[in-house]
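This report concerns only the one structure given below.
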Amino acid sequence: MAITAEQVKALREKTGAGMMECKAALTETGGNLDEAVTALRKRGLAQAAKRAGRTTSQGLVGSYIHLGGKIGVLVEVNCESDFVARTEGFQTSSRRSRCTSPRRTRSTCAARTCPRR
């Protein structure tokens, strides 16, 4: 069975996987979208198992002290390489994670001190 671009597009939108991975999954499952999603999930679990043994020895340590000094956070975010730790996305994620709290609301976080702003 020939796999159409529309099928690949639909699977990509549903799973967020790459185009070639979607096409391979659809070819493997004979064009069945639901089975292709299952196949992609199995591949994802296999890839995660391969990466489980890798060490994450690089990263960032960030701190946040709230106004008044009663609440403070120290966060360590690790990654596999220093190249990743230097990216803007990684640093933004680190900043956001240290300023996120279940008790935090917009009114309790001052605009000048919150690293999120």
Side-chain angles (χ1 to χ4, degrees):
M1 176 182 178
I3 305 301
T4 65
E6 289 80 23
Q7 289 175 312
V8 174
K9 183 179 177 185
L11 185 58
R12 284 192 72 196
E13 289 174 354
K14 192 171 187 178
T15 62
M19 184 177 68
M20 294 308 291
E21 292 174 359
C22 290
K23 185 175 180 181
L26 285 166
T27 304
E28 179 184 316
T29 60
N32 187 328
L33 190 65
D34 295 328
E35 289 180 19
V37 170
T38 304
L40 285 172
R41 283 192 184 136
K42 287 180 183 177
R43 287 184 193 164
L45 292 175
Q47 289 176 353
K50 286 181 192 175
R51 294 181 180 175
R54 293 184 182 176
T55 59
T56 54
S57 58
Q58 303 295 320
L60 296 172
V61 175
S63 64
Y64 172 72
I65 306 294
H66 195 66
L67 290 176
K70 292 184 179 181
I71 299 171
V73 177
L74 185 63
V75 176
E76 178 182 10
V77 183
N78 292 327
C79 59
E80 291 180 8
S81 69
D82 62 333
F83 300 108
V84 174
R86 286 186 261 169
T87 63
E88 186 176 335
F90 190 85
Q91 292 176 4
T92 301
S93 175
S94 173
R95 275 193 301 275
R96 286 185 176 162
S97 66
R98 59 188 150 162
C99 194
T100 303
S101 163
R103 297 177 61 194
R104 182 185 167 275
T105 62
R106 274 198 183 275
S107 62
T108 62
C109 188
R112 290 179 293 177
T113 61
C114 182
R116 189 181 265 190
R117 298 181 192 248

Problem - Side-chain touch Leu33/Gln7, heavy atoms, less than 4.5 angstrom - result: no
Handout entry: Check: Asn78 and Ser57 side chains under 4.5 Å, non-hydrogen atoms
Key = no
Exercise for the section: Take Lys14 and Val37, measure what side-chain contact (heavy atoms from CB on, under 4.5 Å) needs, and give me the verdict at the end. Expected result: CA-CA 8 Å; Lys14 192 171 187 178; Val37 170; 3.9 Å; yes
Handout entry: Pairwise salt bridge (Lys or Arg N to Asp or Glu O under 4.0 Å) hits with a residue in residues 73-91, at least two apart
Key = Arg54-Glu80, Asp82-Arg86
Problem - Short side-chain to backbone donor-acceptor contact, Ser94 and Phe90, under 3.5 Å - result: no
Problem - Minimum side-chain heavy-atom gap Glu13-Lys9 below 4.5 Å - result: yes
Handout entry: Cluster check Leu26, Met20: I/L/V/M/F/W/Y, side chain < 4.5 angstrom
Key = yes
Handout entry: Pair Arg96-Ser93, side-chain donor/acceptor within less than 3.5 Å
Key = no
Exercise for the section: State yes or no: do Ile71 and Val61 share one hydrophobic cluster built from I, L, V, M, F, W and Y residues joined by side-chain heavy-atom distances below 4.5 Å, directly or via other members? Expected result: no
Handout entry: Smallest separation among heavy atoms of Arg12 and Cys22, with atom names
Key = CG-SG, 3.4 Å
Completion exercise
Of all heavy-atom pairs linking Ala17 and Leu40, the shortest is CB-CD1, 4.0 Å
Fill in the blank from the handout: Rounded to the nearest 0.5 angstrom, the OG1-CD1 distance for Thr29 and Ile3 is 7.0 Å
Fill in the blank from the handout: By side chain to side chain contact (heavy atoms under 4.5 Å, CB included), Thr38 pairs with (sequence neighbours left out) Lys42
Practice task
State, to 0.1 Å, how close Ala85 and Gly59 come at their nearest heavy-atom pair, and which atoms those are.
Solution key: CB-CA, 4.0 Å
Practice task
Decide yes or no for Glu21 and Val8: does some side-chain heavy atom of the first lie under 4.5 Å from some side-chain heavy atom of the second?
Solution key: no
Practice task
Answer yes when Glu28 and Arg43 have at least one side-chain N-carboxylate O distance shorter than 4.0 Å, and no when they do not.
Solution key: yes
Exercise for the section: Hey, could you give me the CG/OH distance between Leu74 and Tyr64, rounded to the nearest 0.5 Å? Expected result: 14.5 Å
